[in-house]
Amino acid sequence: MKKVRKAVIPAAGLGTRFLPATKALPKEMLPIVNKPTIQYIVEEAVKAGIEDIIIVTGKGKRAIEDHFDIAYELEQNLIQKKKFDLLEKVREPSKIDIHYIRQKSPKGLGHAVWCARKFIGDEPFAVLLGDDIVQAEKPCIQQMAEQYEKTGHSVIGIKEVPYSETYRYGIIDPESQEGRLFHVKKFVEKPESNPPSNMAIIGRYILTPEIFDFLEKKEIGAGGEIQLTDAIQKLNELQGVDAYQFEGKRFDVGQVLGFVLTNIEMALQNEDLRDDVLEGIEKILHENKLSLK
Ligand code: UTP
């Protein structure tokens, strides 16, 4: 069985849910506390032992490349001021070797993944979306790669969501279950009614290279976009695709409410900030005559 060595991070979407913030700033650069969301994703891949990362970028996404590059003037400035702790924080992202490819127009997630086909070649690969941050003892994508290495089947990361939110996700129609692993009858993208379950596809995938045969067809799906889920369903018919209910806490940072709540929660997890944030929240509640029910 080939090892999962490469990862694709699609980051070429328009980020319309965050407008106007994302008019000139990539959604993937919005910070959770003091780190851009995409850095959490890259760090997960590196921690999981992924050797090569490719980020799919698009128009207006230069800030992502700059973030993972050396910031020479800034580093010199911090050295002169002897701010060595900050210097280390600035240098950290530039230590990771990242490749880039441009998606010339945002035709959908499936199309973004297809753009990386030449980089991937004929081996299994990971896809990580910046919309979901997962905190886990063993990185989420590593848990899934280990499942792939047992069976040779593609593995899709899933989490339970409330039924009222299933219309926002790709949803699985499960056939059978062995512990955290599900064999899947069907993958359905954003069901408008009668979802087959409330097990939703979260932004982590291990895919076999045969996925490109289906993405190549560039079929248009839900929302007028080339959907990855549709190609996964075709791949499932060809060679079986499993879904894996990974261990860990998932933060939904792809929409405004989840983003705000994640910032609060992660700030509260930070020992240096916790007490001041709590005090700040109490003050805000008091000043606005609000109380926690
Ligand atoms: P989303 O649908 O969550 O991102 O796609 P979006 O389109 O940027 O956001 P909204 O819906 O308009 O607010 C999931 C991931 O896929 C990437 C996005 O950058 C995001 O990380 N994506 C999406 C692409 O790279 N290309 C696309 O054509 C679409």
Side-chain angles (χ1 to χ4, degrees), residues 7-32 35-45 53-65 67-68 98-117 119-120 125-134 140-141 156-159 161 165-171 187 189-190 200-205 207 211-212 215-232 250-260 262:
V8 180
I9 302 180
L14 295 175
T16 52
R17 281 170 286 182
F18 284 89
L19 282 170
T22 46
K23 187 177 168 192
L25 178 76
K27 165 172 101 170
E28 297 76 12
M29 288 301 295
L30 295 174
I32 303 295
K35 222 172 10 175
T37 53
I38 195 161
Q39 192 174 333
Y40 290 88
I41 307 303
V42 167
E43 285 174 358
E44 178 185 329
I53 296 175
I54 190 164
I55 298 182
V56 184
T57 67
K59 199 169 176 295
K61 302 280 183 167
R62 270 289 303 276
I64 297 177
E65 289 176 53
H67 181 71
F68 291 102
I98 297 178
H99 309 259
Y100 298 92
I101 183 117
R102 265 175 94 100
Q103 182 189 24
K104 290 183 184 135
S105 94
K107 293 181 183 164
L109 174 59
H111 182 257
V113 172
W114 177 81
C115 289
R117 69 200 178 284
F119 172 82
I120 298 299
F125 63 101
V127 176
L128 299 94
L129 304 188
D131 284 359
D132 297 294
I133 293 176
V134 182
C140 173
I141 205 69
I156 311 302
I158 52 167
K159 269 268 176 228
V161 298
E165 289 180 20
T166 47
Y167 72 95
R168 291 180 42 216
Y169 295 92
I171 298 292
F187 294 88
E189 182 61 23
K190 300 193 174 77
I201 300 178
I202 302 306
R204 298 291 184 277
Y205 310 77
L207 297 170
I211 192 79
F212 292 119
L215 292 174
E216 185 79 38
K217 296 193 168 70
K218 303 200 180 114
E219 282 169 17
I220 307 292
E225 296 195 341
I226 300 170
Q227 296 287 357
L228 183 59
T229 308
D230 295 344
I232 289 171
R250 169 238 177 186
F251 295 87
D252 177 8
V253 298
Q255 37 105 11
V256 175
L257 176 62
F259 175 80
V260 172
T262 303

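Indexing begins at 1, ligand by ligand and atom by atom, following the structure's order.
- Crowding of Lys218 atom NZ: a count of heavy atoms from other residues, nucleotides or ligands under 6.0 Å exceeding 12.
- Comment: Asp131 engages Lys27 in a salt bridge, judged by a side-chain N to carboxylate O separation of less than 4.0 angstrom.
- Close placement of the Phe259 and Phe18 rings is indicated, their centers lying within 6.0 Å of each other.
- If you look at ligand 1, the protein residues with a non-hydrogen atom under 4.0 Å away are Pro10, Ala11, Ala12, Gly13, Leu14, Gly15, Thr16, Arg17, Lys27, Glu28, Gln103, Pro106, Lys107, Gly108, Leu109, Ala112, Asp131.
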Task: side chain to side chain contact (heavy atoms under 4.5 Å, CB included) evaluation trace for Leu128 with Val42 - done: CA-CA 9 Å; Leu128 299 94; Val42 167; over 6 Å; no
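- No donor-acceptor pair closer than 3.5 Å links the side chain of Arg250 to the backbone N or O of Asp132.
- Side-chain contact between Arg204 and Val127: absent, with no pair of heavy atoms (C-beta onward) separated by less than 4.5 Å.
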